[in-house]
Each structure stands twice: as structure tokens, then as C-alpha cells.
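See below for the structure under consideration.
None of these values were measured; they are calculated from a predicted model.
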Amino acid sequence: MSKRLSPELQHITEDAYCETHLEPTRLFCDVDQITLCSKCFQSQEHKHHMVCGIQEAAENYRKLFQEILNTSREKLEAAKSVLTDEQERMAMIQEEEQNFKKMIESEYRMRLRLLNEECEQNLQRQQECISDLNLGETLLNQVIKLATELEEMFQEMLQRLGRVGRENMEKLKESEARASEQVHSLRKLIVELEKKCGEGALALLKNAKYSLERSKSLLLEHLEPARITDLSLCHIRGLSSMFRVLQRHLTLDPETAHPCLALSEDLRTMRLRHGQQDGAGNPERLDFSAMVLAAESFTSGRHYWEVDVGKATRWQVGVYHGSADAKGSTARASGEKVLLTGSVMGTEWTLWVFPPLKRLFLEKKLDTVGVFLDCEHGQISFYNVTETSLIYNFSHCAFQGALRPVFSLCIPNGDTSPDSLTILQHGPSCDATVSP
């Protein structure tokens, strides 16, 4: 009874002999990717080709395949990370779009309230001066016209927000599809490479260069997250003219100032004292404990103030609610403050709002910040006064106790800082609703 060779041994036996010269093939031509016998090697066809032993060639390719396999595994993890990030961003921008929609609607309601109040005041003044029914009707028509224009402007903003949101979602879906496809391709490649690395010399060398080039081609594909438009760039333009009426002449309270702060004689400017630095801290951590409260506090009404931040590279402005203790020991729990933070890293300006901590994108350097506080409606809004646009607002805030404007600078780490903040004043003071 004759013994039959296994398929694997049959394959090795057939491939190990030259079909032309019927001699064992112990050499491998890297150019033509074929095995050679000694007579093939001596022919003119392979005279100038790179030829080596089969085992040596197999080991060289095995090492190359193993390197690509390792790189593929790393690239797979990176692609999976991008895929996860894009899926998370898709959920995040949907939530963010809803938040910005609420912010636009909140700003619209506030602007409409101020517009109605301003028109009522104008009408009352006109009636005190002259009893002209036609004048009253004219003012009423102006109110209707301004209210209509205001509504149209905010409707346009909502439409732009929706359009940007849809564009962002489309970009993220396309990016997710690319990442998913690369994850699938890399997984398939890894399986093929693992099989290739485990094969015998002759099987490994079969189509080795083609497999190598195809693998490298896949690894050269660069995967980048989608570039989307930040919704904070959908600016709400314009400032209410009532802000000038509601503007408060604030002063800084020396009793609440951090020891490293120096206040001007008029108590409107704060800067860091010379030599006040903490070189032992963490250089990557921004220390905004150099804080001072305004002397004025608010328990009701609407209020507005402006701060010159153009001479500071790291600053905070906002509203503090709670009680302040002795000098230098102002409560620093972040939950007691609503803040806008600005910082510059190199040439990049960044804004943050809190709470919760959220990064905003800024096209230009911010010079003047306007802060609007509506105690009754629980609203705090931050404005870019130079560009006359809303930066961010918080609505439905649950305030407790007196509210006080808060200002702080970042304590430099190992260097002296020339940073300063100044409370700006325009026109006559109107502090009727300010508590003493």
C-alpha cells in the first residue's frame, strides 16, 4: 500500500524543484519574486538581480512583515480612538447646538425686555415734555419696528446655527465612515500578516513583495479628525443701548483683595505687586487666586459693567455669590462663581466659561469685556465690547444672597507679570438699585 504525502509536503516538494531544469530550488530572486535553481541563477536573465538563499530571503521578509504587523496594531488602536472620538463628538455637538439655541433664545428674551423698557422710558419722557398723541403713536410704531427687526435678527441666528450644526454633523459622519473603514481594513491586514508570519519559507515568499507594498500603502493612509466650525463663532451681534443706562460705577474692595494685588488710588485698577511670584508651583497650572471683589453688591435689578482686559494675558471676570471673609481669604470654591477666563499661550488666545468648564474660540484678541447681570431672571451675559457681540450667557441661574462682581489675575510662575485689569466707566452713574 503506497503512502500519500500530505498536501503541505506535496506543495513543498513541487515548489522546491525547478520545472525547467528539474533541480532543487534553493535560491530566491527578489526582483522577479521567484525561486531559482543553480542553473537559473547562472542565466543572463538573473545575472544582475538580487539573489539570496530561500531561508535568508524568507527571514528578511518575515522581519519586514513583523514590523508592519506591529505598526498596523498601533495604527489600529489610533484609528479606533479616532472612531470613538468622532462618535462622541457627534453626540456632543448635538447637545452643544441645543445649548447655543437656548442661549440665543435667552438673549433674545432679554434684549426684548430691555427694548420694551427703553421704549417705555422714552415714551414717558416725551409725555412729560409734550402731550402729542401723534408722537406717542410714532414711538409705538418705532417699538413695533425695532421688535420685528430684533426677532428677524435672532431668527436668522437660529437658522445659521442650524445650518452650521448640520454641516458639522455631515463632516463628522464622513469622518466616522473613513475611520470605520480604516479600522476594518487594518483588522483584515493584521489577520493576513499574522498568517503570513507563521507560514513556511516558500509560502511566505509567495507574492511577498506585492503583499509588502499593499500593506505599506494602507499604512500610509493618514486619518485626521473632522475639522468642524465651533458654534461659539456663531456670534450674536449688537449690544443693547440700555446697557449705558444700567452701567454701574464699580470700585474694588481692598478688604477682599489678595495680598499679591496692588490697587490704584481710585480703586478701579488692579495689578500684581512686583516680586509676587511662586516659582515653586506647577508651571502647567494657572493660579487665579489673585482675586478681588467689587465693593458694590447686588440683590435685585439689572446691572452692567465693563472691564479693560487688554493689558492682561491671563485673567478672570465674573460674578461671585456668597459671603466674603477677612482680607485675602475670599472664598475660592469655584461653585460660588460664574466666570469668563481669558488666557494667551504663544499667539493663541483662548476663552473659558464656568460652570461647567467650557472652551470658547476667539478670532481676535479680546480688549474689553462687558458683563450684564439680571438678578430677577437669573441671567449673566459676557460681551465682547469691541466687536459688539455676545461671548456667552448663563440663564436660569439660582442665585443666593448678594451678588458681587469678581476680578482676578493669574499669579505668574517664576517671573514678574505686568498684567492689570481696569474697571471702565462711561457717562453718569446710575446706581439706584445698587445696595450700599
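- Proximity of a side-chain donor or acceptor of K75 to a complementary backbone N or O of L219 within less than 3.5 Å is detected.
- Residue-environment remark: NZ (K358) exceeds the threshold of 12 foreign heavy atoms within 6.0 Å.
- With 3.5 Å as the limit, one finds no donor-acceptor pair spanning the side chains of E376 and S300.
- The closest side-chain donor-acceptor pair between Q379 and S395, if any, does not fall under 3.5 angstrom.
- Neither side chain, T229 nor E167, offers a donor N or O lying under 3.5 Å from an acceptor on the other.
- Proximity of L267 to P254: side-chain heavy atoms (C-beta onward) are separated by under 4.5 Å at one or more points.
- Considering every non-hydrogen atom in both R273 and P259, the closest pair reads NE-O, 3.0 Å.
- One finds the CG atom of N168 at 12.0 Å from the OG atom of S175 (value rounded to the nearest 0.5 Å).
- One distance of note links CG of L252 with OG1 of T422; it measures 9.0 Å at 0.5 Å rounding.
- Between the side chains of D308 and T368, no donor N or O sits under 3.5 Å from an acceptor N or O.
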*Derivation of the side chain to side chain contact (heavy atoms under 4.5 Å, CB included) call for I236 and F154*: CA-CA 8 Å; I236 300 175; F154 276 85; 3.8 Å; yes
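- One finds no salt bridge joining E170 and K173 here, because no Lys/Arg side-chain nitrogen approaches an Asp/Glu carboxylate oxygen to under 4.0 Å.
- Contact check for E107 versus S381: side-chain heavy atoms found under the 4.5 Å cut-off.
- Remark: the Q66 side chain and the N70 side chain contain an N/O donor-acceptor pair separated by less than 3.5 Å.
- Not counting sequence neighbours, N99 has no partner by the side chain to side chain donor-acceptor pair (under 3.5 Å) test.
- For the pair S81 (side chain) and E77 (backbone), a donor-acceptor distance under 3.5 Å is absent.
- Residue F28 comes nearest to A57 through the heavy atom pair CD2-CB, 3.7 Å, listed as atom of the first residue, atom of the second, then distance.
- Side-chain atoms of M103 and K101, non-hydrogen and from C-beta on, never get closer than 4.5 Å to each other.
- The CD atom of Q155 lies 10.5 Å from the CG atom of L150; values are rounded to the nearest 0.5 Å.
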*Go through the steps for R314 and T341 under the test side chain to side chain contact (heavy atoms under 4.5 Å, CB included), then give the verdict.*
CA-CA 7 Å; R314 297 180 180 90; T341 300; over 6 Å; no
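- For the pair E213 and K209, the salt-bridge criterion is not met [side-chain N within less than 4.0 Å of a carboxylate O].
- Side-chain atoms of E336 never come within 3.5 Å of backbone atoms of Y320 as a donor-acceptor pair (strictly under, hydrogens ignored).
- In this structure, the side chains of E105 and R109 come closer than 4.5 Å at one or more pairs of heavy atoms.
- Between the T256 side chain and the D253 main chain, a donor and an acceptor come within less than 3.5 Å of each other.
- Using a 4.5 Å heavy-atom cutoff, the side chains of V164 and F100 are not in contact.
- Rounding to the nearest 0.5 angstrom, the gap separating the CE atom in M153 from the CZ atom in R237 is 11.0 Å.
- Judged by distance alone, the side chain of T71 and the main-chain N or O of E67 form a donor-acceptor pair under 3.5 Å.
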*Evaluation steps, side chain to side chain contact (heavy atoms under 4.5 Å, CB included), between F65 and L212*: CA-CA 7 Å; F65 283 131; L212 197 64; 3.9 Å; yes
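- No donor-acceptor distance shorter than 3.5 angstrom exists from the side chain of R359 to the backbone of W352, with no hydrogens or angles considered.
- With R214 contributing its side chain and L189 its backbone, the two residues share no donor-acceptor pair below 3.5 Å.
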*Taking it one step at a time, do R244 and E306 satisfy salt bridge (Lys or Arg N to Asp or Glu O under 4.0 Å)?*
CA-CA 10 Å; R244 287 290 172 254; E306 293 180 357; 3.1 Å; yes
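- Panel note: side chain N207, backbone Y210; no donor-acceptor pair is recorded below 3.5 Å.
- Proximity of a side-chain donor or acceptor of R268 to a complementary backbone N or O of I423 within less than 3.5 Å is detected.
- Partners of R271 according to the side chain to side chain donor-acceptor pair (under 3.5 Å) rule, which considers only residues two or more places apart in sequence or in another chain, do not exist here.
- Shortest non-hydrogen contact noted between V82 and A179 is CG1-CB, 4.3 Å.
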*Does the side-chain hydrogen bond (donor to acceptor under 3.5 Å, both in side chains) test come out yes or no for S389 and N384, once each step is laid out?*
CA-CA 5 Å; S389 63; N384 182 338; 4.6 Å; no
*Evaluate salt bridge (Lys or Arg N to Asp or Glu O under 4.0 Å) for E194 paired with R73, printing each intermediate quantity in order.*
CA-CA 11 Å; E194 287 175 340; R73 287 168 176 162; 2.8 Å; yes
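- Aromatic ring centroids of F298 and W305 lie under 6.0 Å apart.
- Using a 4.5 Å heavy-atom threshold, the side chains of T269 and L421 count as separate.
- Listed by chain and residue number, D30, Q33 satisfy the side chain to side chain donor-acceptor pair (under 3.5 Å) test with Y61 (two or more places apart in sequence, or in another chain).
- Between S420 atom OG and L272 atom CG the span is 9.0 Å, to the nearest 0.5 Å.
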*asked:* Could you walk me through whether Y383 and F372 satisfy the ring-ring contact (aromatic ring centres under 6.0 Å, His included) test, starting with their C-alpha distance in whole Å, then the side-chain angles of each, then the deciding distance to 0.1 Å, before giving a yes or no?
replied: CA-CA 8 Å; Y383 296 91; F372 173 74; 7.2 Å; no
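- When all heavy atoms of F399 and G378 are compared, the pair lying nearest together is CE1-CA, 3.6 Å.
- Counting non-hydrogen atoms of other residues, nucleotides and ligands closer than 6.0 Å to CD of E156 gives a total of 12 or fewer.
- Taking all atoms of both residues into account, the shortest heavy-atom contact from I68 to S215 is CG2-CB, 3.8 Å.
- Environment of CD in E199: crowded, with over 12 heavy atoms of neighbouring residues, nucleotides or ligands closer than 6.0 Å.
- Remark: the S211 side chain and the E192 side chain contain no N/O donor-acceptor pair separated by less than 3.5 Å.
- Q182 is not listed as a side-chain neighbour of H222, based on a closest heavy-atom distance of 4.5 Å or more.
- Salt bridge E59/R62: present, at least one basic N to carboxylate O contact under 4.0 Å.
- In this structure, L112 and A147 approach most closely via the heavy-atom pair CD1-CB, 4.1 Å.
- Between the side chain of K365 and the main chain of G310, a donor-acceptor pair closer than 3.5 Å is present.
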*Go through H321 and R404 one step at a time and tell me if the side chain to side chain contact (heavy atoms under 4.5 Å, CB included) criterion holds.*
CA-CA 6 Å; H321 49 103; R404 300 177 71 175; over 6 Å; no
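- For K63, the NZ atom is loosely surrounded, since the number of other residues' heavy atoms within 6.0 Å does not exceed 12.
- For the pair E96 and R89, the salt-bridge criterion is not met [side-chain N within less than 4.0 Å of a carboxylate O].
- Between V406 and V319, the closest side-chain pair of non-hydrogen atoms is not below 4.5 Å.
- Ring pair F394/F382 is perpendicular by interplanar angle, where above 60° counts as perpendicular and below 30° as parallel.
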